[in-house]
Amino acid sequence: MNFKKTIMIPLSFLFLMPSISFSQKSIELDAARNFIKSGSYKKSLELYNKIAKRSPNASLISEYAYVLALNGLLEPSLSQLDRAIMIDVSDKDTRYFMSKIFSAVSLNDVATEIIPHSYTPSWLINEATLNKLSHERQLSESFMEALDIAEGFMRQSRYASAIDAFGRIIKKWPDEYMGYSGYAIALEKIGAYKTASKAVEMAVLLMKKNGKPINIIRKFSEYGEELKNKPPLVEKKLKDINMALKGKYFAFAGGNFTHTETDSVFNINTRLGKFITNNFDLSLNLGFTTGYEISDYNGLSIGVSGRLNKPITQYSPIRLTAAARLALEPSPEDNFSFILSPGLSYFTPSGSIDVFVDFNLTGPYKGTQVLSIGYTTYFGGGR
C-alpha cells in the first residue's frame with residue numbers, strides 16, 4: 001500500500017475558522033468603541049452583548065461592564081466586573097473601568113486607589129461621561145438582611161458586587177462594625193489595601209465601643225497592619241496570564257477522514273490527560289481506524305503524547321499548539337509510530353476547539369499528513 005500519496009480532504013478552511021472568527025470580533029469591537037466615542041451608548045451595548053458575554057478576556061469584560069454603566073445598568077455592570085475580577089484582577093483595563101464604576105456609586109476612596117497611575121486605555125482618547133448610578137433595588141430595612149446579601153456575594157466570589165453592597169451598608173449603618181469588617185475583606189480581594197485598612201480601623205473602634213473581646217480586637221488590628229504593609233497589586237506579566245490550566249484534567253474527542261489511492265479511511269481519536277503546567281500537558285491516546293481494504297490496517301491504536309500551547313497574544317483566545325506522540329498502530333509490521341502535530345486551539349470558557357495536522361515520521365503511515373479537528377473539555381483540578 002502506498003500511504004505516501006495520502007491526500008487531505010478539502011477541509012483546510014477549518015484551519016482558518018478561529019482566525020476568521022477572531023478577526024470578525026476585532027472589527028465589531030472597533031465599531032463598538034467608535035459608538036462609545038460618539039456617545040451612541042445603546043448601539044455600543046448591542047455590539048458588546050454579542051462579543052463580550054462569553055469572552056474569557058478580563059479587559060474586554062470590564063469594557064462591557066463600563067458600557068452597561070454608561071447605559072445606566074448598574075447591577076448588570078457589577079456582575080460583569082465580578083467576572084473580570086475573577087479572571088484577572090490585576091489587569092490595567094479592568095482596574096481602570098472598575099474605578100470609574102465605583103466612582104459613579106460614590107465609593108471615591110477605593111476608586112482613587114485602584115486606578116492605575118496616569119493610565120487610560122489606548123483606544124479611549126476622550127473619556128465618556130459616566131453619571132452617578134442609582135440602584136434598582138432598595139437596600140433592605142434590616143441590617144442583618146442587607147449583611148446576608150453582601151456576604152452572599154462574597155461566598156460567590158463576586159467582589160465588585162460585595163464592595164458595592166458593603167459600601168451601602170456602612171453608609172446606612174455607620175455604627176455597625178460588621179459592615180466595615182466585611183467591606184475590608186472585600187476590598188482586600190481587589191487589592192485596595194489602603195482603603196481596606198481604613199475600614200479595619202473603623203471596625204476596631206466600633207468593636208471597642210461595643211465591648212468585644214480583646215483577643216478578637218487584637219487579631220483584627222493585626223489584620224489591619226498586614227493590609228497597610230501589603231505592596232500594591234502589580235499587573236501580571238504576559239507569562240503569568242491564563243493561569244487556570246495547571247492541574248486541570250481534560251478529555252479530547254476528534255477525528256479525520258483521508259483518501260488514498262485505494263481507500264477512504266476514517267479515524268476517531270481520543271485523549272485523556274492532565275496539564276502539568278499552564279502550557280504543557282501529558283495524555284494517553286486511544287484511536288480507532290477503519291476503511292482500509294486490507295483489514296490488518298484497521299483497528300485500535302494506543303499511545304502517549306505531550307502537547308505545548310502558547311497564546312498568540314495576551315488577549316487572544318487562540319493558542320498555537322505543538323504535540324509529539326508515540327503510538328502503536330494497527331499494522332502487520334512496523335507498527336510503532338512517532339508523530340508530530342502542530343496546530344491551533346480556540347479556547348472557550350469550558351474547553352477548546354482544536355485543529356492540527358499529524359505528520360507521521362515513522363511507522364506504517366510514514367510520510368503521510370492528516371488534518372484532524374476535535375473538541376477538548378477541561379475539568380477538575382486547576383487553580
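Throughout, residue positions are numbered sequentially from 1 according to the sequence presented.
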Taking side chain to side chain donor-acceptor pair (under 3.5 Å) as the definition, give me every residue that meets it alongside [X], ordered by chain and number, with sequence neighbours left out.
X	result
Ser77	none
Thr321	none
Ser352	Asp354, Tyr378
Ser161	Asp82, Arg158

Look at the aromatic rings of Tyr66 and Phe97 and report parallel, tilted or perpendicular, splitting at 30° and 60°. tilted
Residues forming a salt bridge (charged side-chain N to carboxylate O under 4.0 Å, His left out) with Glu145, sequence neighbours excluded: none
Using the test salt bridge (charged side-chain N to carboxylate O under 4.0 Å, His left out), find all partners of Lys43 that sit at least two apart in sequence or belong to another chain.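 Per chain and number, Lys43 pairs via salt bridge (charged side-chain N to carboxylate O under 4.0 Å, His left out) with no residue.
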Can you list every ring-ring contact (aromatic ring centres under 6.0 Å, His included) pair that touches residues 144-186, not counting sequence neighbours?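 Qualifying pairs: Phe143-Trp173.
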Residue pairs fulfilling ring-ring contact (aromatic ring centres under 6.0 Å, His included) with at least one residue in residues 197-228, sequence neighbours excluded: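 Every ring-ring contact (aromatic ring centres under 6.0 Å, His included) pair that includes a residue of residues 197-228, provided the two are not neighbours, is Phe220-Tyr223.
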May I have all residue pairs that pass side-chain hydrogen bond (donor to acceptor under 3.5 Å, both in side chains) and include part of residues 323-342, sequence neighbours excluded?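 Matches after skipping sequence neighbours: Ser341-Asp358.
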Which atom names give the shortest non-hydrogen contact between Val89 and Ile190, and what distance separates them?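 Heavy-atom minimum between the residues: CG2-CA, 3.6 Å.
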In terms of heavy-atom contacts, Gly224 and Val200 come closest through CA-CG1, 3.6 Å
Going by salt bridge (Lys or Arg N to Asp or Glu O under 4.0 Å), name the pairs with one or both residues in residues 265-289, residues two or more places apart or in two chains. Arg271-Asp281, Asp281-Arg307
Enumerate the salt bridge (Lys or Arg N to Asp or Glu O under 4.0 Å) contacts for residues 55-73, please, sequence neighbours excluded, ordered by first and then second residue.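 The answer is Arg33-Glu63.
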More than 12 heavy atoms of other residues, nucleotides or ligands under 6.0 Å from CG of Leu300: is that the case? yes
Has Lys171 got more than 12 heavy atoms of other residues, nucleotides or ligands less than 6.0 Å from its NZ?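 More than 12 within 6.0 Å, yes.
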Going by distance alone, is a donor N or O of one side chain under 3.5 Å from an acceptor N or O of the other, for Ser305 and Asn285?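 There is such a pair (donor and acceptor under 3.5 Å, judged by atom type) between the side chains of Ser305 and Asn285.
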Mind checking what makes ring pair (Phe, Tyr, Trp, His ring centres under 6.0 Å) contact with Tyr64, not counting sequence neighbours?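 Ring pair (Phe, Tyr, Trp, His ring centres under 6.0 Å) list for Tyr64, sorted by chain: empty.
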I'd like to know whether the aromatic ring centres of Phe275 and Phe250 sit less than 6.0 Å apart in this structure. yes
Give a yes or no answer on whether the side chain of Ser55 reaches the backbone of Ala52 with a donor-acceptor pair at less than 3.5 Å.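 Answer holds: no.
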